[in-house]
2 protein chains.
Amino acid sequence: MATGRTHRPATRSRGIPEATVARLPLYLRALTALSERSVPTVSSEELAAAAGVNSAKLRKDFSYLGSYGTRGVGYDVEYLVYQISRELGLTQDWPVVIVGIGNLGAALAGYGGFASRGFRVAALIDADPAMTGKPVAGIPVQHSDDLEKIIEEDGVSIGVIATPAGVAQQVCDRLVAAGVTSILNFAPTVLSVPDGVDVRKVDLSIELQILAFHEQRKAGEESNAEADAAVDAETATAVAPPAPRGATGGSRKGPDGDVPAVMPA
Amino acid sequence: MATGRTHRPATRSRGIPEATVARLPLYLRALTALSERSVPTVSSEELAAAAGVNSAKLRKDFSYLGSYGTRGVGYDVEYLVYQISRELGLTQDWPVVIVGIGNLGAALAGYGGFASRGFRVAALIDADPAMTGKPVAGIPVQHSDDLEKIIEEDGVSIGVIATPAGVAQQVCDRLVAAGVTSILNFAPTVLSVPDGVDVRKVDLSIELQILAFHEQRKAGEESNAEADAAVDAETATAVAPPAPRGATGGSRKGPDGDVPAVMPA
DNA sequence: ATGTCTTTGTGAACGCGTGCACAAAGATGG
DNA sequence: CCATCTTTGTGCACGCGTTCACAAAGACAT
């Protein structure tokens, strides 16, 4: 999973647990594939395997939606596809705006997985005047001056932020002020939003760092002893590069950091 | 966060909980920003706010790494940056290959957040011969025939899959066979890998679907009564579009689905 | 030195999510 | 109509993660 999870207290959403909601799209994907192969029914076991989860978990997840299965048989594929789609709100049209048409924004604009799920790219917005009018993935880019107008006219409630981190918060603020209540954030920053607005974060760098952690684990199973020893006692103070205290000045070579210089936009 | 989480039983990694590991990059980001502003120390409260988490959680997270703070003062920024970097394995160089240089692959290749964290794009690989040799983000694309050779020569252990879903599993198999033990998967498919290999998934479509779910919640707070009633009794059978039973044939218009036709690559 | 004040580090309680294991439900065959 | 077999739906227990709340630790002033 990518990472995101800047949710409100989570919890109640008419009973359906967050963890279950997060898996519904997974089930839906597997079911859609079965549907295309005209498979009429599936058992929890088969579907669970296709979705990559435990079958008990799948059954419990479905139990939150209702009793849609038939004991001794399994689940009706078409029916489940509809029920899950409805539960996720995919039976209606969701206009989406993408702000920040750099490499990533352009990739998102051309992403096929949106249209097939009821999401419609209503507009592409960028702050660069040179981009205005230029078609990306068949959709002309509009200038960010018109952001509010676009949101309101199209009744957009979902916004995707693919701008550099430096301007993400202000873009976010404008989106929210204009009426957007759900945001998918690709910029590497923590966005603060008022209550009632959902933010999900996707951070490529974080995913890689998590992988690196496990990779390091796997690689140095024995060299760990050395590292651990260093941390153990206060000897760490003597061993580790930057002194635990002092060295206030910016001694570290300023790396490109990540606040700016991310995603050309 | 994106979504991914196709982990092994999770659990022990020398004590540090998965949830904590997933937050370390967040803290690191906030700390790096402070470091650039030459801030010498931070309290758990301040840092927590910058990272968007609870201060108690942050302190507990840090407690897994050791006692790096000073009571009454806070944490030494430079020292913490180093400790977290080391824990995440970012003090070493991680060569990464990106397979599938479509819109998304190209965006990833040009992503600034990689280099700044010790990740180095060692190679870009694509199956299209027309792409071979063409520079993307300054790096010449290589043909997938050479995949194994590239992995081995560069000692790559982390691979990024940005291909269409249809070929993701076979690309994954080849990567693993060649020695890759960590995979970041952007293709909308469940990848099966042998034990010892980590897979993290980022699925843009899933993130949007989760947002749509909450959005629907927010929008129809009263129209829910109507929907619930329909599901309640067996009347659902009479109301809902696809009949719970029968209708075996591929009546559904084959939508672009998601197995193929995703990410041009 | 001693007292006060700030902030960490953590014990303990709580809640959510997961997985087992089984009873209930229905299909199917005789 | 009854027996058997399959598969769902769920009660229950367990473990991880989160949060509270506070004692211990150190800085700082007097």
Side-chain angles (χ1 to χ4, degrees), chain A residues 1 3 5-24 26-27 40-49 51-77 79-80 83 210 231 234 237 244-246, chain B residues 1 3 5-24 26-27 39-49 51-77 79-80 83 234 244-246:
Chain A
M1 101 190 98
T3 339
R5 277 298 284 284
T6 314
H7 267 300
R8 29 178 185 178
T11 345
R12 69 100 175 73
S13 278
R14 200 272 303 276
I16 302 181
E18 263 305 300
T20 294
V21 173
R23 279 188 296 268
L24 290 182
L26 231 55
Y27 302 143
T41 59
V42 267
S43 68
S44 61
E45 205 72 49
E46 295 168 322
L47 185 55
V53 303
N54 184 301
S55 72
K57 194 186 297 187
L58 177 143
R59 287 198 299 276
K60 180 148 294 208
D61 282 343
F62 285 177
S63 78
Y64 291 116
L65 308 184
S67 287
Y68 296 149
T70 306
R71 299 180 188 223
V73 177
Y75 299 91
D76 183 274
V77 173
Y79 188 57
L80 249 192
Q83 289 298 344
I210 295 172
V231 177
E234 280 311 276
T237 303
R245 195 122 298 259
Chain B
M1 115 185 114
T3 336
R5 274 298 284 284
T6 314
H7 265 301
R8 28 179 185 176
T11 343
R12 70 99 178 72
S13 277
R14 201 275 303 273
I16 303 182
E18 263 306 300
T20 295
V21 173
R23 279 188 295 266
L24 290 183
L26 230 55
Y27 302 143
V39 175
T41 58
V42 266
S43 67
S44 61
E45 205 74 48
E46 294 168 323
L47 184 55
V53 303
N54 183 302
S55 73
K57 194 186 297 188
L58 178 144
R59 286 199 301 275
K60 178 144 291 204
D61 282 341
F62 285 176
S63 78
Y64 291 117
L65 307 184
S67 288
Y68 295 149
T70 305
R71 300 180 189 222
V73 177
Y75 299 92
D76 182 275
V77 173
Y79 188 56
L80 249 192
Q83 289 298 343
E234 280 311 277
R245 194 125 298 262

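Note on naming: letters A, B, ... go to the chains in the order of the sequence lines (proteins, then strands), and numbering restarts at 1 for each one.
- Counting only heavy atoms from C-beta outward, the side chains of Asp61(A) and Val53(A) never approach each other to under 4.5 Å.
- Between the OH atom of Tyr64(A) and the C1' atom of dT8(D) there is a distance of 15 Å, given to the nearest Å.
- When ring centroids are compared, Phe62(B) and Tyr68(B) stay outside the 6.0 Å threshold.
- When the nucleotides dG9(D), dT8(C), dT18(C) are ranked by their closest atom to the side chain of Ser67(A), dG9(D) comes out on top.
- Here the CD-OG1 distance, from Glu46(B) to Thr41(B), works out to 7.5 Å after rounding to the nearest 0.5 Å.
- Residue Leu47(A) contributes atom CG, which lies 15 Å from atom C1' of dG9(D) at whole-angstrom precision.
- Straight-line distance from the CG atom of Asp61(B) to the P atom of dT8(C): 14 Å, rounded to whole Å.
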Restricting both atoms to N or O, compile the protein contacts to nucleotides 20-22 of chain C shorter than 3.5 Å, with distance only.
residue: dA21(C); atom: N6; partner: Arg59(A); partner atom: NH2; Å: 3.3

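- For the pair Leu65(B) CG and dG9(C) P, the computed distance is 10 Å after rounding to whole Å.
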Protein proximity profile, nucleotides 24-30 of chain D - base contact B, sugar-phosphate-only contact S, no contact -, cut-off 4.0 Å on heavy atoms: BB-S---
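- Atom-to-atom distance recorded for Leu47(B):CG and Leu26(B):CG is 9.5 Å, nearest 0.5 angstrom.
- Taking CD1 from Ile210(A) and CD from Glu18(B), the interatomic distance works out to 7.5 Å, rounded to the nearest 0.5 Å.
- If you measure from atom OH of Tyr79(B) to atom C1' of dT8(C), you get 15 Å, rounded to the nearest angstrom.
- Regarding Lys57(A), its NZ atom lies at a distance of 17 Å from the P atom of dT8(D), rounded to whole Å.
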side-chain contact (heavy atoms from CB on, under 4.5 Å) between Leu24(B) and Leu65(B), intermediate numbers included: CA-CA 10 Å; Leu24(B) 290 183; Leu65(B) 307 184; 4.0 Å; yes
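- Summarising the geometry, atom CZ belonging to Arg59(B) is positioned 9.0 Å from atom OG belonging to Ser43(B); distances are rounded to the nearest 0.5 Å.
- Summarising the geometry, the separation between CG on Asp76(B) and C1' on dT8(C) is reported as 15 Å, rounded to the nearest angstrom.
- In this structure, OG1 in Thr70(B) is found 10.0 Å from OH in Tyr79(B), a value given to the nearest 0.5 Å.
- Between Ser44(A) and dT7(D) there is no side-chain N or O to OP1 or OP2 distance below 4.0 Å.
- In this model, the phosphate group of dG9(D) is approached by a side-chain N or O of Tyr75(A) to a distance below 4.0 Å at OP1 or OP2.
- To the nearest angstrom, C1' of dT8(D) lies 11 Å from CG of Leu58(A).
- For the atom pair Asp76(A) CG and Gln83(A) CD, the distance stands at 10.5 Å (nearest 0.5 Å).
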